[in-house]
Peer 1: 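Following this message is one structure expressed as structure tokens.
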Amino acid sequence: MIRNALQLIRLYHDLTPAQIAHQVGLSESDIVGLEKGKRKITLAIMEKYAAGFDIPLSSLMLFAEQETGIY
């Protein structure tokens, strides 16, 4: 699930929602909403995460597809 993958990326990098918001160009409330499933994850948001972490969008999508939700 994409929501879990985005949260795992934040946790892996030991970032707070405020820190990741700054890094990817979103608000802290956007990040919290995304992780809680209260905000829709769009392709534009995925592109911001990919750019913020300097990874290809395809790699982020593959990680999201393979993420098991165990953490």
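No hydrogens, no waters, no symmetry mates; every other heavy atom, side chains included, goes into these values.
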Peer 1: Kindly compute the distance separating CD1 (I2) from CG (L34), expressed to the nearest 0.5 Å.
Peer 2: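 These two atoms lie 10.5 Å from each other.
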
Peer 1: From E28 CD over to Q19 CD, what is the distance, rounded to the nearest 0.5 angstrom?
Peer 2: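 Between atom CD of E28 and atom CD of Q19 there are 9.5 Å.
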
Peer 1: Roughly how far, to the nearest 0.5 Å, is the CD atom of Q7 from the CZ atom of R3?
Peer 2: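 Output value for this atom pair is 7.0 Å.
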
Peer 1: Considering only heavy atoms from C-beta outward, does the side chain of E35 approach that of R10 to under 4.5 Å?
Peer 2: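 E35 reaches R10 side chain to side chain.
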
Peer 1: Decide yes or no on side chain to side chain contact (heavy atoms under 4.5 Å, CB included) for I20 and L6, but give the supporting numbers first.
Peer 2: CA-CA 10 Å; I20 202 164; L6 297 182; over 6 Å; no

Peer 1: Would you tabulate the side-chain donor-acceptor contacts of residues 36-59 under 3.5 Å, counting partners in other chains and residues two or more places apart, or write 'none'?
Peer 2:
residue	atom	partner	partner atom	Å
R39	NE	D30	OD1	3.1
T42	OG1	A44	N	3.4
T42	OG1	I45	N	3.2

Peer 1: Minimum heavy-atom separation for V32 to P17, with atom names?
Peer 2: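 V32 and P17 have their closest heavy atoms at CG2-CB, 4.0 Å.
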
